[in-house]
Amino acid sequence: MPELPEVETIVRGLKEKLPGQKIRQVKVNLDKVLRENKEEFASLLTGLVFQGVSRRGKMIIFDLSEDWSLVVHLKMTGQIIYTRPEAPVNKHTHLVFDLAKGNQLRYADLRQFGYLILLKTDQVTGLPQLAGLGPDALEISSQEFGKLIASRKGAIKPLLLNQSFLAGLGNIYSDEVLHLAQIHPLQPAGSLTSAQIERLYKAIRQVLTRAIKLKGSSVSNYVDSDGERGSFQELHQVYGREGKPCFQCGQPVKRLKLSSRSTCFCPSCQKLKALDRQE
DNA sequence: TTTCTTGTTAGAAC
DNA sequence: CGTTCTAACAAGAA
Ligand SMILES: [Zn+2]
């Protein structure tokens, strides 16, 4: 599931390889991942040169020559892989870019939820999918975070998943962050004490930074731009661990359903009524 | 066969 | 209008 750490890992990998490379040919196997028809998409891109690669939240932005940009969302199962052309082709490969140096950039997506948008560079920031994003989870300041949290009434877990509030966290990292911060997923955001908000802010940075170091979490089919799995899943404290003992206290991890998403947490480490009274 | 999983969004409810 | 919530989407695993 590409969330911020996985997307960041992919972007860092591609930054080393793509800039300066010309697109020699584009093959489209499934045009439903595109906005325009496949012929138009291929002809617009052919001959362009990759320049920068960046991300905002979970969105990837490729900047190309002639003021074109390609914005990509991988949703749950999307992959972008830079590879030798003779490497075996994933069954769900929907796009193949042949690059001037002989390598290929391949886009694959098992569930076909991801998409690409080709547009002029000056249109990128106005794109609703980008303009609607809140501050990036790794860029927001502690002060701004505290201000945003305080004005919200809903439960903290669904709020962390809301990309227009904060961009980058998904189901895995929201659960992991709340466990590290020792905050119950149902606790109303506006009821968090300043000490809890501080812990939450630090937990977000710590969990995401550590996950990026380990190249993300491979819980389903996630691989980075080299086709390599991440290893942060081995350090998950609660996600996917229902019924197993909490590594901190030994109590079994519980799961509940929150806005039709599963949420794993430790009822002992993450109490609903703040145990840390006044500090 | 049915249920579950995921991120985002349209649309409804408040 | 802002916020919050639900259903829908696809395809494979259990
Ligand atoms: Zn615990």
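Convention: sequence-line order gives letters A, B, ...; per-chain numbering from 1.
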Asker: I want to verify a distance call: between C/dC5, B/dT8, B/dT6, whose nearest atom is closest to the A/Pro158 side chain?
Answerer: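 The answer is C/dC5.
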Asker: May I ask you to evaluate whether A/Gln163 reaches the phosphate of B/dG7, defined as a side-chain N or O under 4.0 Å from OP1 or OP2?
Answerer: no
Asker: In whole angstrom, give the distance that lies between atom CG of A/Asn162 and atom P of C/dT3.
Answerer: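 Rounding to the nearest Å, CG of A/Asn162 and P of C/dT3 are 9 Å apart.
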Asker: Is there a side-chain contact between A/His73 and the phosphate of B/dT8, meaning an N or O under 4.0 Å from OP1 or OP2?
Answerer: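 Result: yes.
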Asker: The side chain of A/Lys153 is closest to which nucleotide in this list: C/dA8, C/dA11, C/dT4?
Answerer: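 Closest nucleotide to the A/Lys153 side chain: C/dT4.
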Asker: If you take all heavy atoms of A/Arg56 and A/Ile61, which pair is closest and at what distance?
Answerer: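 A/Arg56 and A/Ile61 have their closest heavy atoms at N-CD1, 4.4 Å.
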Asker: Roughly how many Å is it from CG in A/Leu148 to P in C/dT4, rounded to a whole number?
Answerer: 12 Å
Asker: Applying a 4.0 Å non-hydrogen cut-off, can you work out what A/Tyr222 is touching in the nucleic acid: base, sugar-phosphate, or nothing?
Answerer: nothing
Asker: In terms of side-chain heavy atoms of A/Leu159, which of B/dT9, C/dT4, C/dA11 is nearest?
Answerer: C/dT4
Asker: Check every atom of B/dC4, B/dT9, B/dG7 against the side chain of A/Arg255 and return the nucleotide holding the closest atom.
Answerer: B/dC4
Asker: I'd like to know if A/Glu16 pairs up with A/Arg12 as an ion pair, taking the criterion as any Lys NZ or Arg NE/NH1/NH2 lying under 4.0 Å from an Asp or Glu carboxylate oxygen.
Answerer: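 Salt bridge absent between A/Glu16 and A/Arg12.
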Asker: When all nucleic acid strands are considered with a 4.0 Å heavy-atom cut-off, which category describes A/Arg152: base, sugar-phosphate, or nothing?
Answerer: sugar-phosphate
Asker: Return the value, rounded to whole Å, for the distance between atom NZ of A/Lys91 and atom P of C/dA13.
Answerer: 8 Å
Asker: Counting heavy atoms not belonging to A/Lys157, are there more than 12 under 6.0 Å from its NZ?
Answerer: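 Yes, the 6.0 Å shell around NZ holds more than 12 heavy atoms from other groups.
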Asker: Could you tell me how far apart A/Phe113 (CZ) and C/dG12 (C1') are, to the nearest whole angstrom?
Answerer: 12 Å
Asker: Quickly work out the A/Leu161 CG to C/dT4 P distance and round it to whole Å.
Answerer: 13 Å
Asker: Within this structure, what is the CE-to-C1' distance between A/Met76 and C/dA13, rounded to whole angstrom?
Answerer: 14 Å
Asker: Aromatic rings A/Phe50 and A/Phe62: how do their planes relate, parallel, tilted or perpendicular, breaks at 30° and 60°?
Answerer: perpendicular
Asker: Tell me what A/Ser262 touches on the nucleic acid: a base, only sugar-phosphate, or nothing, going by heavy atoms under 4.0 Å.
Answerer: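 Sugar-phosphate contact only.
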Asker: Toward the 5' end of DNA chain C, which comes first, A/His92 or A/Arg261, by nearest nucleotide?
Answerer: A/Arg261
Asker: Quick one: is the NZ or CZ of A/Arg210 closer than 6.0 Å to the six-membered ring centre of A/Phe232, and within 45° of its axis?
Answerer: no
